[in-house]
Number of protein chains: 2
Amino acid sequence: MATEPLPESRPRRRLSREPVLQTAISRADQGGLEALTMRSLADELGVAPMALYRHVASKEDLVDAMIDVVFGEIGLPSGGADWKNAMRQRAMSLRGVLARHRWAIGLMESRRSPGPANLRHHDAVIGKLRAAGFSVEMTAHAYSLLDSYIYGFALTKMNLPFDASDDIGAVAQSMLEPFPVNEYPNLVEFLSEHVLKPGYDYADEFEYGLDLVLDGLETARGGAA
Amino acid sequence: MATEPLPESRPRRRLSREPVLQTAISRADQGGLEALTMRSLADELGVAPMALYRHVASKEDLVDAMIDVVFGEIGLPSGGADWKNAMRQRAMSLRGVLARHRWAIGLMESRRSPGPANLRHHDAVIGKLRAAGFSVEMTAHAYSLLDSYIYGFALTKMNLPFDASDDIGAVAQSMLEPFPVNEYPNLVEFLSEHVLKPGYDYADEFEYGLDLVLDGLETARGGAA
DNA sequence: CCCCTGTGTGTATCACGTACACACTACGGA
DNA sequence: TCCGTAGTGTGTACGTGATACACACAGGGG
């Protein structure tokens, strides 16, 4: 009595939206957005590709949802701290989130249908600044400057063609290889005197710029508040 | 004497690398990177898709070359001006270039094989700062901060889901539509009190932040130079 | 004048997103 | 207890993308 004539014939794995999102994010974290295909995602989840479409409307819908999960990971500015510390903490949190989810960097601010975590986050940041006495206009200045810097840092640094695990020297050399020696003397000096120095870590730059920006905003607010 | 038995049978259009690059860039400028397919590009150039591969090694090679053309459009810091004005001009130029070529924003700093225009640009900027007396370390701070801000502004502002031609009010409304009224009071206030005001133009924010950053760098250099 | 090399063409392959129709399954009512 | 129905997974298929391969043509040097 073979009650199961084909035991190997898929147990018809049960899916829901959450595992789909989590698996998609972890795939993108590891291999970038181009490693996230509906087929490979379905494969990892042990279902047929079309099964995914019962839980997401399309790949774009999937990415929208992934982005909102990412927004949810950003720490909201805490109520108690002064605005500067609150903004600093939020910036560090956002930087960490973008480092974990590089694929999201170019997408966070360009979705046509932002999710609730996205809107809640913006609402909290704006609220914190307004509560600290920033005028509407000064709030716009501050938020624009801070986010430009944070996202820009993530974009330019984290997308660099090497990361901590690479041999930066080798990468730099291969980039300059095709050109005549001494064609770019300032660049070479900069690389050898700074980037290739032992303790160098691009990520350290982040806090320098962040503090410069925050100090600048504090000064500016004094005059405009 | 039908010297051309099949006049309509392709005149075998002659191609070279330059028109391929220019056409590719103009397509990407208009429709974004996703509008740039080898097929449509070949179509616009009046050749078969595979003809392109005689002039570019692959689509990635094509994009690399496009990026280097874009780098070439950025004004190098002029020799005569003081560093602050030179950096300001470069920033404005870069902002303009990124506005014309939105598709390039996420790619400019992440190519594994930077072209000559790319390297020459970095060399010139670093050279200008060093010549103005910036230490190597302070040069790193300044360049990192400036580029993060410029690219970040381009990323967060120019990628916003609306541009000058859209009805911002309508877009904002449709974004908030799915959620309960008063769910995001600070965001709503900010939108109605600032973003939706008649003269609003996000691009104006750019110079505010840029000058704040430049002033901050000037102050910092005073102590560190 | 002919052949060689560089460049365009046709065709084919493989990966992707996703439409469509169908199959399975669990659950609630008769 | 059994069946109908709604929800969810499956197989197949199509259109579009990048691009390999072999071939066709054209124009210049011998």
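Not measured: the values here are computed from a predicted model. All heavy atoms count here, side chains included; hydrogens, waters and symmetry mates do not.
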Report task. Specify the residues of residues 14-24 of chain B, ordered by number, for which at least one heavy atom lies under 4.0 angstrom from an atom of DNA chain D. Result -> none
Query raised in the report: What string of B, S and - do you get for nucleotides 14-23 of chain D, 5' to 3', if B is base contact, S is sugar-phosphate-only contact and - is no contact with any protein heavy atom under 4.0 Å?
Result: ---BBBBBBB
Query - Aromatic ring pairing B:Tyr149/B:Phe206, orientation class (parallel under 30°, perpendicular over 60°, tilted between) - result: parallel
**Report entry** B:Arg102 vs B:Asp29 side-chain heavy atoms within contact, under 4.5 Å
**Finding:** no
**Report entry** Rounded interatomic separation in angstrom, taking CG from A:Leu45 and C1' from D:dT8
**Finding:** 14 Å
Query raised in the report: Taking atom CD of B:Gln173 as the centre, does the number of heavy atoms from other residues, nucleotides or ligands within less than 6.0 Å exceed 12?
Result: no
Query raised in the report: B:His55 side chain N/O closer than 4.0 Å to the phosphate oxygens (OP1, OP2) of C:dG8?
Result: yes
Report task. Go through the side-chain N and O atoms of A:Glu18 and A:His55 and say whether any donor and acceptor fall under 3.5 Å apart. Result -> no
Query raised in the report: Over how many whole Å does the gap from A:Asp43 atom CG to D:dG9 atom P extend?
Result: 15 Å
**Report entry** Polar side chain donor-acceptor pair, B:His194 to A:Glu137, under 3.5 angstrom
**Finding:** no
Report task. Would you check if there is a donor-acceptor pair between the side chains of A:Ser40 and A:Thr37 at a distance under 3.5 Å? Result -> yes
Query - Worked verdict on A:Glu205 versus A:Lys157 for salt bridge (charged side-chain N to carboxylate O under 4.0 Å, His left out) - result: CA-CA 9 Å; A:Glu205 286 292 349; A:Lys157 316 312 173 168; over 6 Å; no
Query raised in the report: Is atom CD of A:Glu183 surrounded by more than 12 heavy atoms (other residues, nucleotides or ligands) closer than 6.0 Å?
Result: yes
